[in-house]
Amino acid sequence: MALYSEKVMDHFRNPRNVGTIENADGVGEAGNSRCGDIMKIYLKIENDIVTDVKFETFGCGSAIASSSMATEMIMGKPLAEVLKLTNQAVTQALDGLPTNKLHCSVLAEEAVKAAVKDYFDRKNS
Ligand code: FES
């Protein structure tokens with residue numbers, strides 16, 4: 001069996017929603033100190049719904065595939081649903097990741113949640 005699924009390779013080679021959002025409503029960052037990879041998620045939010053999402057990932061192929069998949073999973077979704085995103089769901093949507101690459105999907109969950117938290121922090125300040 002190939003180490004990486006077709007979906008991982010597809011999202012690694014053709015990542016969706018790469019970039020930044022000027023005047024984003026929420027920005028979240030997550031990093032892993034062991035591998036040094038960093039992921040940043042930008043959200044545009046209207047009426048508590050994600051209307052645009054972009055990511056920048058300085059990291060491995062699995063991290064890029066995870067962030068790309070995570071952006072597709074939260075686009076157009078209400079924040080209550082976005083906050084339920086788990087790294088397991090991202091991994092499953094990618095048809096799996098090698099065990100030593102599971103932490104890459106954790107970055108996606110953490111960065112998305114950090115971006116939503118940033119949105120609420122800004123709203124409440
Ligand atoms: Fe650390 Fe992939 S090796 S995020």
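Below, all heavy atoms of this structure are taken into account, side chains as well, without hydrogens, waters or symmetry copies. We're numbering straight along the sequence, starting at 1. Counting starts at 1 for both ligands and their atoms, in listed order.
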**Prompt:** Roughly how far, to the nearest 0.5 Å, is the OG atom of Ser105 from the CE atom of Met39?
**Reply:** 8.5 Å
**Asked** Between the side chain of Asn124 and the main-chain N/O of Phe120, is any donor-acceptor distance below 3.5 Å?
**Response** yes
**Prompt:** Would Leu83 and Lys117 satisfy side chain to side chain contact (heavy atoms under 4.5 Å, CB included), going step by step from the backbone distance to the final call?
**Reply:** CA-CA 9 Å; Leu83 283 170; Lys117 183 183 180 309; over 6 Å; no
**Message:** Suppose the cut-off is 2.8 Å; how many protein N/O/S atoms fall inside it around atom 1 (Fe) of ligand 1?
**Reply:** 2
What donor-acceptor contacts under 3.5 angstrom involve side-chain atoms of residues 48-56, with partners at least two apart or in another chain?
residue	atom	partner	partner atom	Å
Asp48	OD1	Tyr119	OH	3.1
Thr51	OG1	Lys44	O	3.2
Glu56	OE1	Tyr42	OH	2.9

**Item:** Stepwise side chain to side chain contact (heavy atoms under 4.5 Å, CB included) test for Leu85 and Met73
**Value:** CA-CA 8 Å; Leu85 182 82; Met73 291 171 82; 3.9 Å; yes
**Message:** With heavy-atom distances below 4.5 Å as the criterion, would you say the side chains of Tyr4 and Lys101 are in contact?
**Reply:** yes
